[in-house]
**Q** 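Quick one: the structure is below, questions incoming.
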Amino acid sequence: MSTPLVEMDGDEMTRIIWKMIKDILITPYVDLKTEYYDLGLKHRDETNDQVTIDAANATKRLGVAVKCATITPNAARVKEYNLKEMWKSPNGTIRAILDGTVFRAPILVKGIEPYIPTWKKPITIARHAYGDVYKNTEMQVPAGCKAELVVTDEQGNETRKLVHEFTTPGVLQGLHNLDNSISSFARSCFNYALDTKQDIWFATKDTISKQYDHRFKDIFQEIFDAEYQEKFAQAGIEYFYTLIDDVVARVIRSEGGYIWACKNYDGDVMSDMVATAFGSLGMMTSVLVSPDGTYEYEAAHGTVTRHYYKYLNGEKTSTNSIATLFAWTGALRKRGELDGITELSVFADKLEQAAIQTIEEGVMTGDLERLSTLPNKRSVDTETFLNEINSRLVALL
């Protein structure tokens with residue numbers, strides 16, 4: 001390696017797996033160079049979450065990052081970790097700074113069949129990574145209050161719209177997004193579709209949200225018509241818009257093989273649905289791509305808290321490490337591509353091949369063993385699984 005990766009460490013069981021992957025499958029083979037940031041919850045609290053901001057800015061500087069799963073604290077976590085405050089999602093902070101689009105796709109292996117029988121090809125979820133509920137302002141409202149949207153222009157003139165007159169107590173939430181971020185989202189989606197030669201579907205609820213969601217629809221269409229229509233025709237691919245409820249029905253009936261572009265919250269929910277329906281959330285790749293060509297690879301699942309407590313008690317766990325491993329291979333491959341180090345990209349390809357081969361030969365973690373239809377299969381513990389991958393990697397190398 002010539003240029004470092006930004007390495008963002010994480011929490012709980014995934015933090016344990018993170019070190020195992022490095023020790024068993026990467027550092028014996030790669031002269032690994034990283035700029036390390038500890039995004040574990042305790043360190044985020046110690047730095048008042050400045051470490052998350054620093055890691056995101058380092059990613060903009062170096063171009064490629066790899067991130068471990070992290071805790072987004074709720075009230076219980078604040079108490080458990082004795083936190084100064086309920087820190088926001090580090091993923092949300094990083095995505096806001098990088099202003100990219102998250103692309104998530106299932107990792108397909110023989111023996112793990114999708115729950116939807118018609119799905120034959122991967123479905124890639126493209127998730128907008130800025131704004132909406134992840135940058136919201138919210139409050140509880142007592143009875144007898146009137147809530148308004150107020151926008152004040154540069155001259156101090158106000159525009160007001162009534163939200164609701166609360167005769168009983170309730171809750172209120174304010175959302176926003178930005179034209180330039182929606183434009184970046186659209187271009188990232190269209191470029192990714194051209195790169196992967198896949199159709200792209202986009203959906204919102206513009207019939208109900210006649211200004212907010214309709215703005216997304218209009219910007220996508222304007223950019224497609226002005227910049228991408230001819231390129232799509234030459235590539236033989238299609239851009240298709242419909243309502244979110246209609247697209248869900250179409251997705252279930254489809255055979256897959258396309259990109260499904262979603263607003264921020266829709267993408268959060270639907271990527272988990274797609275991952276689970278393909279077999280497992282632990283078998284999902286996730287990469288944030290910014291319009292300026294910055295890449296951040298991560299696992300699309302949580303920190304596997306239940307397994308972590310078992311690990312702390314000295315018990316063996318059988319935790320699926322594939323998504324975390326593919327975050328590493330994605331980052332190493334991209335670093336190799338950007339720096340012209342073919343051997344690094346080839347190594348990443350072979351490491352992925354070894355991982356898939358291990359599962360398809362019947363050696364897997366407990367979650368996959370319960371799903372697999374292979375006749376001869378066995379469940380192994382977390383470390384044994386990585387060692388099994390390593391033995392196949394040695395053969396491939």
**Q** Could you state whether Trp328 and Leu62 fall into the same hydrophobic cluster, counting links through intermediate Ile, Leu, Val, Met, Phe, Trp or Tyr residues with side-chain heavy atoms under 4.5 angstrom apart?
**A**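 No, Trp328 and Leu62 fall in different hydrophobic clusters.
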**Q** Using 0.5 Å steps for rounding, measure from the CG atom of Leu368 to the CZ atom of Arg370.
**A**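 Reported to 0.5 Å precision, the distance equals 9.0 Å.
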**Q** For Asp213, is there an ion pair with Arg215 - N to carboxylate O distance below 4.0 angstrom?
**A**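 Salt bridge: no.
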**Q** Does a side-chain N-to-carboxylate-O contact under 4.0 Å join Glu361 and Lys377?
**A**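 Not counted as a salt bridge, because no side-chain N and carboxylate O are separated by less than 4.0 Å.
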**Q** I want to check a possible cation-pi pair here: Lys263 against Phe216, using under 6.0 Å from ring centre and within 45° of the ring axis as the test.
**A**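 Yes.
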**Q** Atom CD of Glu7 and atom CH2 of Trp18: how far apart are they, to the nearest 0.5 Å?
**A**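 If we round to the nearest 0.5 Å, Glu7:CD and Trp18:CH2 are 6.0 Å apart.
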**Q** Any salt bridge between Glu227 and Arg187, counting N to O under 4.0 Å?
**A**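 Looking at Arg187 together with Glu227, the answer is yes, because their closest N to O distance falls below 4.0 Å.
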**Q** Taking Tyr258 as the fixed residue, which of Tyr192, Trp119, Trp201 is the one that meets the ring pair (Phe, Tyr, Trp, His ring centres under 6.0 Å) rule?
**A**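 In the set Tyr192, Trp119, Trp201, the residue that makes a ring pair (Phe, Tyr, Trp, His ring centres under 6.0 Å) with Tyr258 is Trp201.
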**Q** Identify the two heavy atoms, one from Ala129 and one from Leu288, that lie closest to each other, and give their separation to 0.1 Å.
**A**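 Result for this residue pair: CB-CD1, 3.8 Å.
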**Q** Please step through salt bridge (Lys or Arg N to Asp or Glu O under 4.0 Å) for the pair Lys88 and Asp49, ending with a clear verdict.
**A** CA-CA 9 Å; Lys88 291 187 176 182; Asp49 211 28; over 6 Å; no
**Q** Taking the six-membered ring for Trp, are Phe224 and Tyr241 closer than 6.0 Å centroid to centroid?
**A**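 Distance test on ring centres: not under 6.0 Å, no.
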**Q** Is there a donor-acceptor contact under 3.5 Å linking the side chains of Gln221 and Asp225?
**A**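 Judged by distance alone, the side chains do pair up.
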**Q** Among the clusters formed by ILVMFWY side chains lying less than 4.5 Å apart, do Ile97 and Phe185 turn up in the same one?
**A**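 No, separate clusters.
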**Q** Any Lys/Arg nitrogen of Arg392 or Glu360 sitting under 4.0 Å from an Asp/Glu carboxylate oxygen of the other?
**A**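 No.
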**Q** Compute the ring centroids of His128 and Tyr265, then answer whether they are less than 6.0 Å apart.
**A**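 Here the rings of Tyr265 and His128 have centres that are no less than 6.0 Å from each other.
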**Q** Is it the case that over 12 heavy atoms from other parts of the model lie below 6.0 angstrom from the CG atom of Asp195?
**A**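 It does: Asp195 CG has more than 12 such atoms within range.
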**Q** In Å and rounded to the nearest 0.5 Å, what is the CD1 to CD1 distance from Ile182 to Ile219?
**A**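 It is 4.0 Å, given to the nearest 0.5 Å.
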**Q** Students often mix this up, so state it plainly: with edges at 30° and 60°, are the rings of Tyr308 and Tyr311 parallel, tilted or perpendicular?
**A**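 Plane angle under 30°, so parallel.
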**Q** Closest heavy-atom contact between Ala186 and Ile223?
**A**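 It is CB-CD1, 4.0 Å.
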**Q** Which of parallel (below 30°), tilted (30 to 60°) and perpendicular (above 60°) describes Tyr297 and Tyr295?
**A**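 Rings of Tyr297 and Tyr295: parallel, as their planes differ by under 30°.
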**Q** Assess, by modelled atom type and distance only, whether the side chains of Arg333 and Ser345 contain a donor and an acceptor separated by less than 3.5 Å.
**A**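 Looking only at side-chain atoms, Ser345 and Arg333 do not form any donor-acceptor pair under 3.5 Å.
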**Q** Side-chain donor-acceptor pair under 3.5 Å between Gln155 and Asn157, yes or no?
**A**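 No, Asn157 and Gln155 have no side-chain donor paired with an acceptor closer than 3.5 Å.
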**Q** Is Glu148 paired with Arg160 through a side-chain N to carboxylate O contact shorter than 4.0 Å?
**A**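 Judged by the 4.0 Å cut-off on N to carboxylate O distance, Arg160 and Glu148 do form a salt bridge.
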**Q** Tell me whether the count of non-hydrogen atoms from other residues, nucleotides or ligands lying under 6.0 Å of CD in Gln140 goes above 12.
**A**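 Counting other residues, nucleotides and ligands, CD of Gln140 stays at 12 neighbours or fewer.
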**Q** Cut-off 3.5 Å, side chains only: do Tyr130 and Asn177 have a donor facing an acceptor?
**A**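 Their side chains do not contain a donor-acceptor pair, so the 3.5 Å distance test is not met.
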**Q** Scan Asp381, Thr365, Thr382 and name whichever one has a side chain to side chain donor-acceptor pair (under 3.5 Å) with Thr317.
**A**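 Exactly one candidate clears the test, Thr382.
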**Q** Does a donor on one side chain and an acceptor on the other come within less than 3.5 Å for Gln50 and Asp54?
**A**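 The criterion, which ignores hydrogens and geometry beyond distance, is satisfied for Asp54 and Gln50.
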**Q** Would Asn91 and Tyr134 satisfy side chain to side chain donor-acceptor pair (under 3.5 Å), going step by step from the backbone distance to the final call?
**A** CA-CA 10 Å; Asn91 287 340; Tyr134 299 88; over 6 Å; no
**Q** If you take the centroid of each ring, where Trp contributes its six-membered ring, are His214 and Tyr212 closer together than 6.0 Å?
**A**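 That pair fails the under 6.0 Å test.
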**Q** Let me confirm one number: the OG-CD1 distance from Ser89 to Ile71, rounded to the nearest 0.5 Å.
**A**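 Between Ser89 OG and Ile71 CD1, I get 12.0 Å after rounding to 0.5 Å.
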**Q** Ignoring hydrogens, what is the shortest heavy-atom contact between Thr101 and Cys189? Give both atom names and the distance.
**A**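 Distance-wise, the nearest heavy atoms are CG2-SG, 4.2 Å.
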**Q** Are any of the side-chain nitrogens in Lys60 or Asp99 under 4.0 Å away from the carboxylate oxygens of its partner?
**A**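 Asp99 and Lys60: not salt-bridged.
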**Q** Over all heavy atoms of both residues, which pair between Leu32 and Thr34 is shortest? Give the atoms and the distance, please.
**A**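 The answer is CG-CG2, 3.7 Å.
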**Q** Would the Phe347 and Tyr29 ring centres measure less than 6.0 Å apart?
**A**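 Ring-ring flag for Phe347/Tyr29: true, centres closer than 6.0 Å.
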**Q** Could you tell me whether Asp246 and Arg250 have a side-chain N and a carboxylate O separated by less than 4.0 Å?
**A**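 Result for this pair is yes, salt bridge flagged.
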**Q** Distance alone, cut at 3.5 Å: any donor-acceptor contact between the side chains of Thr329 and Glu352?
**A**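 Short answer, yes.
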**Q** Are Phe278 and Tyr115 an aromatic pair by the rule of ring centers under 6.0 Å?
**A**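 No, they do not, as the ring centres are separated by 6.0 Å or more.
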**Q** Does the distance from a Lys or Arg side-chain N to an Asp or Glu carboxylate O, for Arg61 and Glu35, drop under 4.0 Å?
**A**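 Here Arg61 pairs with Glu35 in a salt bridge, since their nearest N and O are under 4.0 Å apart.
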**Q** Between the side chains of Lys217 and Glu222, is the shortest nitrogen-to-carboxylate-oxygen separation below 4.0 Å, so that they form an ion pair?
**A**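 Salt bridge flag = no for Lys217 with Glu222.
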**Q** My understanding is that only one of Lys310, Lys42, Arg77, Arg306 makes a salt bridge (charged side-chain N to carboxylate O under 4.0 Å, His left out) with Glu12; could you say which?
**A**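 With Glu12 as partner, salt bridge (charged side-chain N to carboxylate O under 4.0 Å, His left out) holds for just one option, Arg77.
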**Q** Salt-bridged, Arg335 to Asp339, with N to O below 4.0 Å?
**A**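 Looking at Arg335 and Asp339, the cut-off is met.
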**Q** For the NZ atom on Lys316, are there more than 12 heavy atoms of other groups (residues, nucleotides or ligands in this structure) within a distance under 6.0 Å?
**A**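 Check fails, neighbour count at 12 or below.
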**Q** Are Tyr239 and Phe190 near enough that their ring centres are under 6.0 Å apart?
**A**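 When the ring centroids of Tyr239 and Phe190 are compared, they turn out to be within the sub-6.0 Å range.
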**Q** Just verifying a value: how many Å separate Ser254 OG and Ile116 CD1, rounded to the nearest 0.5 Å?
**A**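 Here the rounded value is 9.0 Å.
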**Q** Side-chain heavy atoms nearer than 4.5 Å, only ILVMFWY residues, links allowed to pass through others: does that put Met139 and Leu149 together?
**A**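 Met139 and Leu149: one cluster.
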**Q** Hey, is Asp9 close enough to Lys19 for a salt bridge, meaning N to O under 4.0 Å?
**A**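 The answer is no: the pair does not qualify as a salt bridge.
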**Q** So that I can tick it off, tell me whether Glu296 and Lys67 are bridged by a salt bridge, with the cut-off set at under 4.0 angstrom between side-chain N and carboxylate O.
**A**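 Salt bridge flag = no for Glu296 with Lys67.
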